[in-house]
Amino acid sequence: WLVVIFFPISVFLWPVIINIQKSYSLFKYHTTKGYEQLKWKAAAKEMAAKVGMVHLTEVCIESTFISILNWYDILPTILLEVDSSVYSADNRISLSTVSFLTSIVSLAWSFTSYV
């Protein structure tokens, strides 16, 4: 029963747990000297790779879903609005267009900001 209770909690807190571990290993690296500092440097480097993977996983789960949802749900409306606005004098951008473009920019920004 403990697995059923703690597994969902650990999934939601996974980025927080990894960032705390990274902060701890960096703290130990900067506060130790000599051979111990080399050991903590290796641990900090390994933890940085884990943090990067957590970040990419988070981006893939959250941002990709929103962009795909916007793509399938809003894109036909956007294309009709763009087609009609080309031939009309009123060139307004709807909220759905802004939402779609914002989600694409957010997804691209999330993938390019590694850590």
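Residues take their numbers from the sequence shown, with the count starting at 1.
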How many angstroms lie between atom [atom1] of [X] and atom [atom2] of [Y], to the nearest 0.5 angstrom?
| X | Y | atom1 | atom2 | result |
| --- | --- | --- | --- | --- |
| Gln37 | Lys28 | CD | NZ | 12.0 Å |
| Gln21 | Glu46 | CD | CD | 10.0 Å |
| Ile18 | Leu13 | CD1 | CG | 11.5 Å |
| Lys41 | Leu26 | NZ | CG | 12.0 Å |

Worksheet item: Is there a path of hydrophobic side-chain contacts, each under 4.5 Å between heavy atoms of I, L, V, M, F, W or Y residues, that connects Tyr29 with Tyr24?
Response: yes
Worksheet item: Where do Lys22 and Met47 come nearest, in terms of heavy atoms and distance?
Response: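 Shortest heavy-atom separation between Lys22 and Met47 comes out as CA-CG, 3.3 Å.
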Worksheet entry | For the student: nearest non-hydrogen atoms of Ser25 and Ala44, plus distance |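 Residues Ser25 and Ala44, closest heavy atoms: OG-CA, 3.6 Å.
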